[in-house]
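Side chains included, hydrogens not; waters and symmetry mates left out as well; all remaining heavy atoms used. Lettering of chains follows the sequences in order, A, B, ..., and the numbering in each one begins at 1.
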Amino acid sequence: MVEREVDIPTPKKRKYHHNVSMSPVSGETLRRERLSLPIYPARRKIIQQVQRLDTVILIGETGSGKTTQIPQYLMEAGFGKIGTVACTQPRRVAAVTVATRVSKERGCELGAQVGYCVRFDDMTSENTKIKYMTDGMLLREAIGDPLLKRYSVIILDEAHERTIQTDILFGVVKAAQKRRKQSNLRPLKVIVMSATMDVDHFSQYFNRAPVLYLEGRQHPVKVMYTMEPQEDYIYAALVTVFQIHQEAPPQEDVLVFLTGQEEIETLARTMRDIAYHCPSDAPSMVVRPLYAALPPTAQLKAFEAAPTGSRKVILATNIAETSVTIKGIKHVVDTGMVKQRLFRPTSGLDSLVVKKVSKAQAWQRTGRAGRESSGTCYRLLTEEEFEQLAQTTIPEIQRVNLASVVLQLLALRIHDIMEFDFMDKPARESLLTALQQLHLLGAVEKQKQVQLTPLGRQMAAFPLDPRFAKVILAAKDHHCTEEILTIVAMLSVDSVLFTPASKREMAAAVRRKFMSEEGDHIMLLNIYRAFKAVKGNRPWCQENFINSRNVSNAMDIRGQLRDLCQRLQIPLESAGQDTAVIRTCLAKGLFMNAAELQRGGEYITIETRQPVAIHPSSCLFQCKPGYVIFSELVQTTKCYMRDLSVVDQRWLQEAAPNYFKQDRT
DNA sequence: GAGCACTGC
């Protein structure tokens, strides 16, 4: 079997901004600021260590300036001459904002000496010496070049967050470093930067690399515990906020960590209500919710300063833990709870569960009270309860379906998945489940070793869950890529429908015109087409309860998927009026997510015979089709199927004859 | 008849 290469495309190049001109004054100020950063005294030591050693671990608190300065130090020490200095970030915004900042410090155009590279946006050039990028982006590059030859230094920043991508990069970078050494290539220097308490774990993994500690610029935060365990953390949060409100000066804002949208909205209503009935001499209170699903304009309100004399109370999810920082926070109220995704390999079921945070996470939250001056953190736990929390959060790689991860590893030509050098190995069972799933999709085969089939190699080129990559490749044979690309793109973004609690009926009525008796996938196609027909017109979106930001994201993703198809010589073809063929293609990837109607009118999944129900938001909710496929299963009050399509039983058989061999029907 | 944290390619 010949392994055919599929090159992994990089994002489109963007032109430089030619309007970034620096006045000498601000340039000088920036240079002075660089010298006054707490990290500056460690400059020489850091450079020496990197010159002397292959791997260095840097532990630094927030505010040390490590992310902006260390790449510059290394470039100034000559590492930019022999290759690029890369610095990876878990989030896009971080990569973009840090690169912008650093290019200003160097007084150069963004994209010239200093640039960034994130999905849909490459701001680099041949001259770029310092490149900030998302960790996912570097991982994509590694598929095309496992030795990462263009880099002289790779800095893995925010390593303590342990995202799946960072975790895989650990192994990939370590292997690249070793192989470059063995083949007498230019050495690859690796720097791991973390705010972790888990220093030994990192050092052990990276061949006992030495650890450098960097001083930060964080103000002291006083930590308070409750005297008694709290049965109701929401009520406890409410009481604590009003205690602070009574005692503290009104300009001191409060940040409360909660678990989700509904909890936040309910508590916000209660708080406004109580604040309204407070004695009139008390300072007023502005309550602002903050969570990712909130429309951007509403999100911005959380960042606006409250009117003079009133206090701002922000009720946030863990979006405020890492993704955004809010000025003026003096008090943090930590419920000690978080909503977390959990995957059970035995049932293949994903669920979201509310659980206690880890100590590391609690400290991260605490730090949010000490950004500008000293503050206070109220933990709604007793000190004993806190001591019993887990030390760190379980890394994501041990909590999710690994089908994508395994496909990526195989694309990186790592064949012995079970023996991959994970910093924390996922459960053997999870890896086997993933391999089996890929096998069923026709992505892997076992010769002497497990390897990708030509189909699997093509699938790996798509930034998608393997099931959806398969759907696209099936669409090629059924000549309906046009429609399938749209549906897959729409499934890749957050919900395009939004339903305000107060206008539920109106939203449902308006939505009827997009509905299809074939299911939600066809409905998504209808919505996308309608959106395009009106060119994303804002008032239209409002009237139709469509989230325009999310549909726009879907358009970007569709564009990327279309470009990938072009590279793989998959023609763009439309099914015309034939919507059945579209559902046939969906079945080729989603046959593992299939359910059948029972005599009693209930559904069970075909494979695991597990009782499931149609989600009430589905357009098939009132219908009882014999066979359905679905995009995902979500466990809440029941086990619900989301995003369904009606299918013919034969399509399932045809999609995976072996899988359904022992079927009783 | 129900409500889903957060990222990323």
Side-chain angles (χ1 to χ4, degrees), chain A residues 8-11 88-95 117-122 133-144 158 161-169 257-266 290-294 316-324 335 337-342 350-355 357 361 364 393 396-397 399-400 404-405 407-408 411 460-466 468-469 489 492-495 497-501 504-505 507-508 553 556-557 560-561 563-564 613-618 621-622 632-643:
Chain A
I8 304 302
T10 47
T88 67
Q89 297 292 320
R91 283 168 295 279
R92 294 166 56 97
V93 272
C117 184
V118 298
R119 188 181 192 180
F120 304 128
D121 199 359
D122 181 356
M133 64 206 298
T134 45
D135 40 23
M137 210 59 236
L138 184 60
L139 209 51
R140 283 273 140 191
E141 281 188 16
I143 295 178
E158 311 289 0
E161 289 193 25
R162 302 293 307 273
T163 66
I164 295 182
Q165 318 276 25
T166 319
D167 264 26
I168 303 174
L169 273 180
F257 283 101
L258 293 151
T259 70
Q261 175 174 349
E262 194 174 79
E263 197 172 278
I264 287 172
E265 293 295 354
T266 312
L290 183 63
Y291 46 88
L294 204 65
T317 59
N318 35 356
I319 192 173
E321 215 170 87
T322 49
S323 305
V324 299
T335 58
M337 304 303 270
V338 66
K339 200 174 282 184
Q340 212 171 55
R341 183 176 284 269
L342 200 79
D350 251 344
S351 55
L352 285 165
V353 289
V354 172
K355 54 174 289 180
V357 297
Q361 207 172 356
Q364 176 73 29
T393 307
E396 203 185 353
I397 204 160
R399 296 195 321 249
V400 296
S404 288
V405 170
L407 184 66
Q408 253 177 324
F462 289 93
L464 294 168
D465 182 291
F468 294 117
S492 301
V493 296
D494 291 332
S495 179
L497 309 174
F498 79 96
T499 317
R504 198 176 297 171
E505 256 110 69
N553 288 343
D556 285 343
I557 291 177
Q560 189 186 28
L561 299 178
D563 290 351
L564 279 160
I614 297 179
H615 197 276
S617 67
S618 168
F621 183 63
Q622 310 282 5
E632 61 173 357
L633 218 47
V634 175
Q635 170 84 54
T636 50
T637 49
K638 270 187 186 174
C639 194
Y640 285 106
M641 302 178 276
R642 297 200 61 208
D643 293 325

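As judged by a 4.0 angstrom heavy-atom cut-off over every strand, A/R162 is placed among residues making no nucleic acid contact. A/Y291 comes within 4.0 angstrom of the backbone, heavy atoms only, and of no base. Residue contacts for A/E632: at a heavy-atom cut-off of 4.0 Å it reaches a base atom on one of the strands shown. Here A/V634 lies in heavy-atom contact (under 4.0 Å) with a base.
Side-chain proximity of A/I319 to B/dT7, B/dG8, B/dA2: nearest is B/dT7. The nucleotide whose nearest atom lies closest to any side-chain atom of A/R91 is, among B/dC6, B/dT7, B/dC9, B/dT7. The A/P616 side chain lies nearest to B/dA2 when the options are B/dT7, B/dA2, B/dC4. In the set B/dC6, B/dG1, B/dC4, B/dC6 carries the atom at the smallest distance from any side-chain atom of A/S323. Listed nucleotides B/dA5, B/dC9, B/dA2 differ in distance to A/S617; the shortest reach to its side chain belongs to B/dA2. Distance from the side chain of A/T134 is smallest for B/dG8 among the nucleotides B/dA5, B/dT7, B/dG8.
To the nearest angstrom, C1' of B/dC6 lies 15 Å from CG of A/L342. Atom P of nucleotide B/dT7 and atom CZ of A/R119 are separated by 15 Å, given to the nearest angstrom. To the nearest angstrom, C1' of B/dT7 lies 10 Å from CG of A/N318. In this entry the distance linking CD1 of A/I397 with C1' of B/dT7 reads 14 Å, nearest Å. The separation between A/D556 atom CG and B/dC9 atom C1' is 13 Å, rounded to whole Å. Atom CG of A/D122 is separated from atom P of B/dC9 by 12 Å (rounded to the nearest Å). For the pair A/D121 CG and B/dC9 C1', the computed distance is 14 Å after rounding to whole Å. Between A/L258 atom CG and B/dC4 atom P the separation is 15 Å, expressed in whole Å.
Side-chain N/O atoms of A/Q261 include one lying less than 4.0 angstrom from OP1 or OP2 on B/dA5. For A/T317, a side-chain nitrogen or oxygen approaches OP1 or OP2 of B/dC6 to under 4.0 Å. At the phosphate of B/dC9, OP1 or OP2 sits under 4.0 Å from a side-chain N or O atom of A/R92. A sub-4.0 Å separation between OP1 or OP2 of B/dC9 and a side-chain N or O of A/S404 is absent.
When each of A/Q340 and A/S492 is assigned the nucleotide of DNA chain B with its nearest heavy atom, A/Q340 is the one assigned upstream, toward the 5' end. Position along DNA chain B of the nearest nucleotide to A/Q635 versus A/Q560 favours A/Q635 as the more 5'-ward residue.
For the residue pair A/D465/A/S404, the side-chain donor-acceptor check at 3.5 Å is not satisfied. Using a 3.5 Å distance cut-off with no hydrogens or angles, the side chains of A/D135 and A/T163 do pair a donor with an acceptor. For A/E265 and A/Y291, the side-chain atoms include at least one donor-acceptor pair closer than 3.5 Å.
Smallest separation of non-hydrogen atoms from A/P463 and A/R119: CG-NH2, 3.5 Å. In terms of heavy-atom proximity, A/P616 sits nearest to A/F621 at CA-CD1, 3.3 Å.
Checked by atom type and distance alone, the side chain of A/E158 never pairs as donor or acceptor with a backbone atom of A/Q89 at under 3.5 Å.
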